[in-house]
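Convention: sequence-line order gives letters A, B, ...; per-chain numbering from 1.
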Amino acid sequence: MPEMPEVEAVCRRLREEAEGCLVSRARVLRAGMASGDVETACSGARLERVERRGKNIFLHFSGDVILHVHLRMTGNLYVVPDHRLLVSTVRAVFELSDGRGIVFEDPRALGRMALVETLPELGWEPLDPGFTVAVLAGLAKGSKREAKVFLMDQGKVAGLGNIYAAEALFRAGIDPRRAMGTLGKARLARLHGAIVMVMSGAVETVYEEWGRPGNFVEAERERLQVYGREGEGCRVCGRGVLRLAQGGRSTYFCGFCQR
DNA sequence: TCGATCCTGTAG
DNA sequence: CTACAGGATCGA
């Protein structure tokens, strides 16, 4: 489910609904998905702050407890009205003192939680004003990695995943196989603009559509130019959208518009 | 830099 | 049945 826009939506909603709430009891329902004694650390603690960095969520609890949550492919974190009513894919639940619950649901069970002392070093937030063309150029300089793989490196730019890396490259007209370090100034500027545009648009769309009738992912999907559209016509030139494998993931692109 | 791995679900 | 899935990490 989540790329950075979905993670941001999760965090915003969590802030609205559960920030400041007391966790009477924390339960880890799937052993191995959490590192550290989460049940002991979070039981009786108050959720003071919800922070997002890239696709990572940091739940700050009273007592200097920091819980690092990563939703991976199919995780979700949301508030339910009754913590006793849980579906089978719930991996952890934070029972709130008012009877509600913060639930970590994850069908594929790839998501993880970990108690941490400090926040890990991550790459730039694409929507941070400090993330400029010059910053991107500095990161790209000398890199021989393929542009798509580079963009998905969370240590460079944090939050771009398989969908939005492809979308940004399409909008910038850059071939995803192109070595990052060979991009000229003009192309880097286009790429930077595309990243900011794609991510800011996605954040707002995903958040607005959250919880609406129908699937909020579908609304965002309609905005996508290339992702998941193999064989369909490019929205700009009409030629077929291509798919290739990079780093074990599918990359969608237009062979004509992206060079 | 590749492939395997962690898991389950769904589409073909 | 196989292929693939919006992620990340590990070892070769």
Atom pair distance, as rounded to whole Å: [atom1] in [X] and [atom2] in [N]:
X         : N      : atom1 : atom2 : result
Arg249(A) : dA4(B) : CZ    : P     : 16 Å
Ile163(A) : dA8(C) : CD1   : P     : 13 Å
Arg229(A) : dG6(C) : CZ    : C1'   : 17 Å
Arg52(A)  : dG7(C) : CZ    : P     : 14 Å
Asn76(A)  : dC7(B) : CG    : C1'   : 17 Å
Leu110(A) : dC4(C) : CG    : P     : 18 Å
Glu230(A) : dA3(C) : CD    : P     : 15 Å
Glu3(A)   : dA5(C) : CD    : P     : 13 Å

Quick one: label Thr89(A) by what it contacts on the DNA or RNA (base, sugar-phosphate, nothing), any heavy atom closer than 4.0 Å.
nothing
Testing Lys148(A), Arg145(A), Met152(A) for side-chain contact (heavy atoms from CB on, under 4.5 Å) with Gln246(A), which one passes?
Lys148(A)
side-chain contact (heavy atoms from CB on, under 4.5 Å) with Val69(A): of Arg112(A), Met113(A), Lys55(A), only one passes, and it is Met113(A)
Return no unless some side-chain N or O of [X] is found under 4.0 Å from OP1 or OP2 of [N].
X         : N      : answer
Arg108(A) : dG7(C) : no
Arg243(A) : dC4(C) : yes
His70(A)  : dA8(C) : yes
Tyr227(A) : dG6(C) : yes
Arg72(A)  : dG6(C) : no
Tyr252(A) : dC4(C) : no
Ser250(A) : dA5(C) : yes

Return yes if some donor-acceptor pair links the side-chain N/O of Glu19(A) with the main-chain N/O of Leu47(A) below 3.5 Å, else return no.
no
Who pairs with dT9(C) - Watson-Crick or G-U, where each distance is under 3.5 Å:
dA4(B)
dG12(B) - base-pair partner by Watson-Crick or wobble geometry, distances under 3.5 Å
dC1(C)
What integer number of Å spans the [atom1] atoms of [N] and [M]?
N      : M       : atom1 : value
dA5(C) : dT1(B)  : C1'   : 22 Å
dG6(C) : dG12(B) : P     : 16 Å
dC6(B) : dC1(C)  : C1'   : 22 Å

Grab the two heavy atoms, one from Glu167(A) and one from Val226(A), that are nearest each other, plus how far apart they are.
OE2-N, 3.0 Å
Looking only at dG9(B), dG7(C), dT1(B), the nucleotide nearest the Arg145(A) side chain is dT1(B)
Quick one: which of dA8(C), dG7(C), dA5(C) gets closest to the side chain of Gln154(A)?
dA8(C)
Report yes if the side chains of Leu59(A) and His68(A) come closer than 4.5 Å at any heavy-atom pair, otherwise no.
no
So, taking the atom named NZ in Lys144(A) and the one named CZ in Phe150(A), what distance separates them when rounded to the nearest 0.5 Å?
14.5 Å
State whether the distance check finds a donor on one side and an acceptor on the other, under 3.5 Å, for side chain Arg112(A) versus base dA8(C).
no
